Amino acid sequence: MEHVNDSAATGDMPAYQIRTPTTTLPQGVVMAASPGTLHSPQQMAEEATRKRELRLLKNREAARECRRKKKEYVKCLENRVAVLENQNKTLIEELKALKDLYCHKAE
DNA sequence: CGCCGATATCGTCAAATTAT
DNA sequence: ATAATTTGACGATATCGGCG
């Protein structure tokens, strides 16, 4: 499983911010759109990267939310464990007390 | 102090799951 | 069937505590 990682241009900065093919074009020859269609190749490319960035943004937020929910879930479970441990402890004490009571009565 | 390992957090991708 | 959402896995980066 290899990853697509091409951020050679600008050393730092997260990769997801700098993937914009539109700005990669040799500046100069641009905007020669055919009059019939308002979908020049650059417009198509722009649209594509716009969509991609939107998708990445959404998934970034989805991942955050997912992790938040998972943490909360784990906390709930841990809390439940604590409660059950306490219940168990008091039940054991109760049982012990009842046993004592019973065997003293038997004499 | 700088270096290291352990741990936590993040963004991304891909696959699984759910909604339309 | 496919669009949308959710989640597990991975790699990159940040943070922290101990050691020399």
Side-chain angles (χ1 to χ4, degrees):
Chain A
M1 26 170 86
E2 22 73 90
H3 270 183
V4 272
N5 189 9
D6 38 9
S7 55
T10 49
D12 37 10
M13 282 266 97
Y16 58 89
Q17 281 275 7
I18 62 179
R19 206 62 273 255
T20 313
T22 308
T23 63
T24 299
L25 288 171
Q27 49 122 296
V29 197
V30 271
M31 276 309 284
S34 36
T37 117
L38 15 168
H39 301 310
S40 73
Q42 8 249 327
Q43 279 173 317
M44 298 296 283
E46 264 180 49
E47 175 73 356
T49 67
R50 205 191 107 264
K51 281 223 176 132
R52 171 164 211 272
E53 274 165 15
L54 196 67
R55 182 167 51 76
L56 289 183
L57 179 69
K58 272 182 106 180
N59 188 248
R60 200 177 303 144
E61 279 161 5
R64 269 203 263 275
E65 177 66 6
C66 179
R67 283 161 181 152
R68 193 193 61 74
K69 274 168 58 184
K70 187 174 181 176
K71 255 186 172 176
E72 185 177 274
Y73 173 68
V74 168
K75 254 201 228 161
C76 271
L77 289 183
E78 286 170 342
N79 193 52
R80 186 161 164 70
V81 166
V83 166
L84 290 175
E85 278 175 347
N86 280 338
Q87 281 185 2
N88 199 35
K89 223 189 292 178
T90 68
L91 285 174
I92 286 172
E93 287 307 307
E94 194 180 328
L95 179 60
K96 207 195 296 174
L98 288 175
K99 274 180 175 170
D100 275 7
L101 202 62
Y102 176 75
C103 81
H104 284 118
K105 216 187 242 179
E107 300 181 5

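This is a predicted model, so every value here is computed, not measured.
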Specify the separation, in whole Å, of atom [atom1] of [X] and atom [atom2] of [N].
X       : N      : atom1 : atom2 : answer
A:Asn59 : C:dT5  : CG    : C1'   : 9 Å
A:Arg52 : B:dG11 : CZ    : C1'   : 11 Å
A:Leu56 : B:dC13 : CG    : P     : 5 Å
A:Glu61 : C:dT5  : CD    : P     : 12 Å
A:Arg55 : C:dT5  : CZ    : P     : 13 Å

In terms of heavy-atom contacts, does CZ of A:Arg80 have more than 12 from other residues, nucleotides or ligands at under 6.0 Å?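 Atom CZ in A:Arg80 is not packed in, count stays at 12 or less.
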Quiz prompt | Neighbours of DNA chain C within residues 70-78 of chain A, by heavy-atom distance under 4.0 Å | solution =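 Heavy-atom contacts with DNA chain C come from A:Lys70.
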Among B:dC10, B:dC13, C:dT7, the nucleotide that comes nearest once only the side chain of A:Arg64 is considered: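 Nearest to the side-chain atoms of A:Arg64, counting from C-beta on, is B:dC10.
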Taking the side chain of A:Arg60 as its heavy atoms from C-beta onward, which of B:dG11, C:dT7, B:dC13 lies nearest to it?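 Closest of the options to the side chain of A:Arg60: B:dG11.
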- Task: Go through the steps for A:Arg68 and A:Glu65 under the test salt bridge (charged side-chain N to carboxylate O under 4.0 Å, His left out), then give the verdict.
- Result: CA-CA 5 Å; A:Arg68 193 193 61 74; A:Glu65 177 66 6; 2.9 Å; yes
- Any salt bridge between A:Lys75 and A:Glu72, counting N to O under 4.0 Å?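 Salt bridge absent between A:Lys75 and A:Glu72.
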For residues [X] and [Y], determine if any side-chain heavy atom of one lies less than 4.5 Å from a side-chain heavy atom of the other.
X       : Y       : answer
A:Glu61 : A:Leu57 : yes
A:Arg55 : A:Arg52 : yes
A:Val81 : A:Glu78 : no

Using a cut-off of less than 4.0 Å, is there contact between a side-chain N or O of [X] and OP1 or OP2 of [N]?
X       : N     : result
A:Arg67 : C:dT7 : no
A:Arg68 : B:dT9 : no
A:Lys58 : C:dT6 : no

